[in-house]
Amino acid sequence: MPETSQPSLRQSMERISRPALVRLTALPRLVVPLVTLALVAVGAFAPLPIAIPAFVLVFLFIAWISYLSWPAVTTSGKIIRAIMLVLIIILTITRL
């Protein structure tokens, strides 16, 4: 009886993420960056009970997209994604 291999974490994440990615790519091109920018602005200027969840959403979104795209991006792209995540953490800490 042949052994069936378990899908890797990346394969599982890609499969689970596919419907959301299809919906995101169907949106007008500026929607995702504008919503991300709006969430960063909310995080920077709103009261803490609203700011922290906004920053968490931005962090999770960027981390999710970075994880999915990591194998396909260049080293400079990886550095930019890592810097964006660090900046979100720094922004969050400075609000505390």
Side-chain angles (χ1 to χ4, degrees):
M1 180 178 239
E3 260 185 63
T4 58
S5 64
Q6 292 289 336
S8 69
L9 176 61
R10 176 168 301 288
Q11 290 168 332
S12 296
M13 182 67 95
E14 288 171 352
R15 182 181 46 78
I16 291 167
S17 297
R18 188 168 289 118
L21 291 170
V22 168
R23 283 192 295 271
L24 284 174
T25 57
L27 294 171
R29 195 173 187 101
L30 288 177
V31 170
V32 173
L34 288 177
V35 169
T36 304
L37 182 61
L39 284 171
V40 170
V42 167
F45 300 112
L48 276 183
I50 297 169
I52 300 303
F55 279 141
V56 169
L57 283 173
V58 171
F59 181 87
L60 290 175
F61 179 73
I62 293 172
W64 172 59
I65 295 297
S66 296
Y67 179 78
L68 292 175
S69 65
W70 200 259
V73 296
T74 63
T75 301
S76 62
K78 291 176 182 178
I79 291 169
I80 289 169
R81 285 160 176 76
I83 289 170
M84 289 185 337
L85 291 171
V86 169
L87 286 175
I88 294 298
I89 291 170
I90 290 170
L91 283 170
T92 305
I93 291 170
T94 59
R95 282 300 315 266
L96 297 178

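Note that these values count all heavy atoms, side chains included, but never hydrogens, waters or copies made by symmetry.
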| Taking the side chain from T74 and the backbone from G77, do they hold a donor-acceptor pair closer than 3.5 Å? | yes
| query | Rounded to the nearest 0.5 Å, what separation is found between the CD1 atom of I90 and the OG1 atom of T94? | reply | 8.5 Å
| Under the side chain to side chain contact (heavy atoms under 4.5 Å, CB included) test, which residues partner L9, sequence neighbours left out? | Y67
| note | Separation between CD1 (I16) and CG (L68), nearest 0.5 Å, reads 10.5 Å
Please tabulate, for side-chain N and O atoms in residues 37-66, each donor-acceptor pair with protein atoms closer than 3.5 Å (sequence neighbours left out).
{"from": "W64", "atom 1": "NE1", "to": "S17", "atom 2": "OG", "distance (Å)": "2.8"}
{"from": "S66", "atom 1": "OG", "to": "I62", "atom 2": "O", "distance (Å)": "2.7"}

| query | Do L91 and I89 share a hydrophobic cluster, counting only Ile, Leu, Val, Met, Phe, Trp and Tyr and linking them when any side-chain heavy atoms are less than 4.5 Å apart? | reply | yes
| query | Would you say V73 and L21 are hydrophobically clustered, going by side-chain heavy atoms of ILVMFWY under 4.5 Å? | reply | no
| message | Show me the pairs that pass side chain to side chain donor-acceptor pair (under 3.5 Å) and involve residues 30-59, at least two apart or across chains. | response | none
| field | Steps toward side-chain contact (heavy atoms from CB on, under 4.5 Å) verdict (L24, L27) | value | CA-CA 5 Å; L24 284 174; L27 294 171; 4.0 Å; yes
| message | Working to the nearest 0.5 angstrom, can you tell me the gap between L87 CG and T92 OG1? | response | 10.5 Å
| Do I88 and I93 belong to the same hydrophobic cluster, where Ile, Leu, Val, Met, Phe, Trp and Tyr are linked whenever their side-chain heavy atoms lie under 4.5 Å apart, directly or via other members? | yes
| request: Mind listing the closest non-hydrogen atom pair of P19 and R15 along with its distance? | output: CD-O, 3.7 Å
| note | Heavy-atom nearest pair, W70 first then K78, reads O-CE, 3.0 Å
